[in-house]
Amino acid sequence: ACVTMGREQAALALALVSAKPAGHFTSSPGGYFNGMVTRAKAGQLNLARTVWGLRHGRDPAGRGTT
């Protein structure tokens with residue numbers, strides 16, 4: 001993750017995963033984090049949007065509340 005998105009972004013992604021309730025994940029928190037790294041590799045990860053959604057009590061992926 002650090003190589004793909006940099007140390008700060010990887011730490012932020014990990015913090016975001018840890019802030020989600022267990023029921024949020026369809027597979028596991030590790031799988032969710034892996035998906036974030038995969039999206040970062042593809043240039044499709046937007047952590048600012050995720051932080052904004054978490055800050056306002058909603059899930060930016062459209063899965064309800066955080």
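When reading the values below, keep in mind they use all heavy atoms of this one structure, side chains included, and skip hydrogens, waters and symmetry mates.
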>> Looking at every heavy atom in both L14 and F33, which two are closest together, and how far apart are they?
In response: N-CE1, 3.7 Å
>> Please enumerate all residues that pass side-chain contact (heavy atoms from CB on, under 4.5 Å) together with N34, with sequence neighbours excluded.
In response: T38
> Atom NZ of K20 and atom CZ of F25: how far apart are they, to the nearest 0.5 Å?
Replying inline: 7.5 Å
Using atom types as modelled, flag every donor-acceptor pair under 3.5 Å from a side chain in residues 1-12 to any protein atom, sequence neighbours excluded.
none

> Between S27 and G31, what is the shortest heavy-atom contact and its length?
Replying inline: OG-CA, 4.0 Å
> CH2/W52 to CG/L47 distance, rounded to the nearest 0.5 angstrom?
Replying inline: 15.5 Å
> side-chain contact (heavy atoms from CB on, under 4.5 Å) with Q44: which residues, sequence neighbours excluded?
Replying inline: R39, A42
